[in-house]
Amino acid sequence: MTANAPKLFVKSYGCQMNVYDAERMADALAPEGYVETQSAEDADLIILNTCHIREKAAEKVYSELGRIRKMKQETGRAPKVAVAGCVAQAEGAEILKRAPVVDLVIGPQSYQRLPELLREAAEGRRPVDTDFAVEDKFERLAKPSPKAIASRGVTAFVTVQEGCDKFCTFCVVPYTRGAESSRPAAQLIAETERLVAAGVREVTLLGQNVDAYHGEGPDGRTWSLARLMRALSEIEGLARLRYTTSHPRDMDDELIAAHRELPKLMPYLHLPVQSGSDRILAAMNRKHTADEYLRLIDRIRAARPDLALSGDFIVGFPGETDADFEDTLAIARDAAYASAFTFKYSPRPGTPAADMDGQVPEAVKDERLQRLQALISAQQAAFARSLVGREIDVLLDRPGRYPGQLAGRSPYLQPVQITAPGAVVGEVIRAVVTDTGANSLFAAPAGGARDILPQPAEAIA
Ligand code: SAM
Ligand code: SF4
């Protein structure tokens, strides 16, 4: 790295796919000499990697652009400013009109063109690229160096599938991320091998509908997500696999069986239901009922009894009555979540639900959100308490809060604080859960009497 290398600051909003994309943008700019910085103040290029899923998320971008404009005035510095991600895709050139501080706008399907667009911006043009590329973006994006991979830690994301053809009536994803497409399996195996060779121990496969994955296999056949995970499981040195986010309609028998058969596949599943009311589920175009969802959970738990279930809920969808909301509370209770994300319905321009009758007042949404959050928090705490005194594997992924402490993740994705002399980041250690905190577990290295959680092989016995 040269002393005067240009500095890049990427600020990501929203989902994990944006975290992955932020790294890809940094990789694309590394051959141009850019090095990453953690502060906008000393950056030569600021990229806001935006989210359009809810109004609040989208509006954050404009407040941040206001702060950048002020910072430029106060410091006299003139970093280039790029808006990327789903707001860029949805609003395109509008952003240039609304925010003169912006030098370029780039949608998620065009990141391979970032260096080219920056050159145009340097010439004083203000390029906008929101095309849905016909070329293979991932194939053209520069690969990260082993050093860059190692600097990002022992867990990594790999996007395997992008876009969505489901068109839930509340959601912007089919418009901002385009039609569903899956990356070829050979590309994903090679990418995962590269990550593992550089020290990554856990890989989370990402997709807007990751369980709809249907990529071309090295054998010329179409591979499912389960088939892909079977291949990835064989990579020596990879300790853990996860995938997110799944749609209930795409959870097939083969994927359910993978939870029983693949020891590296963690017993955690993020499977959003959104609502417990069949009337609302139909209006959302989810194409499944509450009962179908619960029966699906039963089948998955039969394959993997210790599965920690997570999900997403939307409260206050147009037309949602008190009775519909009671159905949502009921399904949350019945499904027994280990965690879940809860959102107030946010009308998104261009989506069918935004124009539906029966928009729910904000105060009602607030009250429902609070009640649902209270239930989910209680479930999360109960799940954490159920682990106290039991043995779990912990992947150590960073130094802990205090000297001698390390932090990691349980198989169920909970943060774990552990005092384990001699242990190192990247190691998976067996530990006894000793206590629970607000959002994490406390554990000590295992030894003595054991009460091991059911493992896949025991689960089927
Ligand atoms: N594909 C996943 C599925 O089908 O469940 C979800 C992907 S979406 C990026 C993440 C979550 O954002 C959704 O599950 C939903 O709960 C929430 N969401 C999407 N649109 C929303 C809206 N207009 N208002 C509130 N929440 C929304
Ligand atoms: Fe959005 Fe998920 Fe529905 Fe696709 S399936 S439209 S990403 S909520």
Side-chain angles (χ1 to χ4, degrees), residues 12-21 49-59 85-87 89-90 108 157 159-182 204-213 225 243-251 269-277 280-288 290 292-293 296-297 309-320 328 331-332 335 337 339-356 359-360 362 365-366 368-369 372-373 376:
S12 279
Y13 302 81
C15 67
Q16 292 153 324
M17 200 168 276
N18 267 6
V19 176
Y20 179 80
D21 285 350
N49 188 18
T50 62
C51 171
H52 200 245
I53 202 87
R54 284 168 290 276
E55 191 182 356
K56 244 194 197 151
E59 279 306 311
C86 290
V87 176
Q89 189 64 43
F157 295 126
T159 292
V160 302
Q161 177 276 339
E162 281 195 296
C164 181
D165 298 336
K166 296 269 189 308
F167 290 92
C168 299
T169 53
F170 52 80
C171 186
V172 289
V173 167
Y175 312 96
T176 57
R177 293 272 174 168
E180 204 175 285
S181 77
S182 297
T204 302
L205 307 180
L206 298 180
Q208 265 91 22
N209 266 316
V210 71
D211 53 347
Y213 176 83
L225 184 66
Y243 63 94
T244 197
T245 290
S246 302
H247 191 290
R249 296 266 302 173
D250 294 314
M251 285 296 302
L269 177 65
H270 185 228
L271 193 66
V273 69
Q274 314 295 357
S275 168
S277 153
I280 297 296
L281 285 170
M284 286 176 164
N285 193 30
R286 291 293 289 181
K287 298 203 170 78
H288 63 77
E292 281 163 355
Y293 179 85
L296 174 62
I297 299 301
L309 180 67
S310 176
D312 292 345
F313 288 94
I314 295 178
V315 299
F317 184 83
E320 185 186 76
T328 293
I331 200 167
Y337 288 93
S339 66
F341 300 94
T342 52
F343 307 108
K344 281 191 287 180
Y345 169 68
S346 169
R348 307 308 293 130
T351 58
D355 298 323
M356 283 180 187
Q359 298 287 330
V360 175
E362 231 20 59
K365 288 185 200 171
D366 282 332
R368 289 180 187 166
L369 186 73
L372 182 58
Q373 275 176 344
I376 300 292

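We count residues from 1, following the sequence as given. We count ligands from 1, going down the list as the structure has it; atoms in each ligand are counted the same way.
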message: So Ile53 and Cys86, do their side chains get closer than 4.5 Å, heavy atoms only?
response: no

- request: Would you mind listing which atoms of ligand 1 come within a distance below 4.0 Å of any non-hydrogen atom of Arg348?
  value: 23 (N)

- prompt: In chain order, what residues pass the salt bridge (charged side-chain N to carboxylate O under 4.0 Å, His left out) check against Arg177, with sequence neighbours excluded?
  reply: Asp21, Glu162

- prompt: Can you list the atoms of ligand 1 that are under 4.0 Å from a heavy atom of Pro272?
  reply: 5 (O)

- request: If you have a sec, work out which protein heavy atom is nearest atom 16 (O) of ligand 1 and how many Å separate them, to one decimal?
  value: Gln274 OE1, 2.7 Å

- request: For Thr245, take its heavy atoms, then give the atoms of ligand 1 lying under 4.0 Å from any of them.
  value: 2 (C)

Protein residue, atom and distance nearest to atom 20 (N) of ligand 1, heavy-atom basis: Phe170 CD1, 3.3 Å

query: Taking side chain as C-beta onward, heavy atoms only, is Val19 less than 4.5 Å from Leu206?
result: no

query: Between Arg286 and Pro272, is any pair of side-chain heavy atoms under 4.5 Å apart?
result: yes

message: Nearest non-hydrogen contact with atom 2 (Fe) of ligand 2 belongs to which option: Glu180, Arg286, Met284?
response: Arg286

- prompt: So how many protein N, O or S atoms does atom 4 (Fe) of ligand 2 have within less than 2.8 Å?
  reply: 1

- request: Report the residues that fulfil salt bridge (charged side-chain N to carboxylate O under 4.0 Å, His left out) with Asp211, sequence neighbours left out, ordered by chain and then residue number.
  value: none

- prompt: Would you call Ile297 and Leu271 a side-chain contact if the rule is heavy atoms closer than 4.5 Å?
  reply: yes

task: Go through the steps to decide whether Phe170 and Phe343 satisfy the test ring-ring contact (aromatic ring centres under 6.0 Å, His included), and finish with yes or no.
output: CA-CA 12 Å; Phe170 52 80; Phe343 307 108; 9.7 Å; no

message: Donor-acceptor check, side chain of Gln359 to backbone of Ala353, threshold 3.5 angstrom: yes or no?
response: yes

message: In the structure I gave you, are the side-chain heavy atoms of Tyr175 and Gln89 within less than 4.5 Å of one another anywhere?
response: no

- prompt: Relative to the heavy atoms of Asn209, which atoms of ligand 1 are at a distance of less than 4.0 Å?
  reply: 1 (N)

- request: Going by heavy-atom distance to atom 14 (O) of ligand 1, choose the closest among Thr351, Val315, Asp312, Ile53.
  value: Asp312

task: Might you point out which heavy atoms bring Ile376 and Ser339 nearest each other, and give the distance in Å?
output: CG2-C, 4.1 Å

- prompt: If we ignore angles and hydrogens, is there a donor and acceptor under 3.5 Å between the side chains of Gln373 and Thr342?
  reply: yes

statement: Shortest non-hydrogen pair, Ala354 vs Arg348, comes out as CB-O, 3.4 Å

- prompt: Quick check: does Ser246 get an N/O under 3.5 Å from an N/O on ligand 1?
  reply: no

query: What about Phe313: any of its N or O atoms under 3.5 Å from an N or O on ligand 1?
result: no

- request: Please report which non-hydrogen protein atom sits nearest to atom 25 (C) of ligand 1, along with the residue it belongs to and the distance in Å to one decimal place.
  value: Lys344 O, 3.3 Å

message: At less than 4.0 angstrom from any non-hydrogen atom of Phe170, what atoms of ligand 2 do you find?
response: 8 (S)

statement: The protein heavy atom nearest to atom 24 (N) of ligand 1 is Ser346 N, 3.0 Å

query: Any side-chain heavy atom of Glu362 sitting closer than 4.5 Å to one from Lys344?
result: yes

message: Which of the numbered atoms in ligand 1 are under 4.0 angstrom from any heavy atom belonging to His247?
response: 4 (O)

query: Does even one non-hydrogen atom of Arg286 get within less than 4.0 Å of ligand 1?
result: yes

message: Starting from atom 18 (N) of ligand 1, what is the nearest protein heavy atom, named by residue and atom, and what distance separates them?
response: Arg54 NH1, 3.5 Å

task: Using the test salt bridge (charged side-chain N to carboxylate O under 4.0 Å, His left out), find all partners of Asp165 that sit at least two apart in sequence or belong to another chain.
output: none

statement: atom 7 (C) of ligand 1 sits nearest the protein heavy atom Gln208 O, 4.4 Å

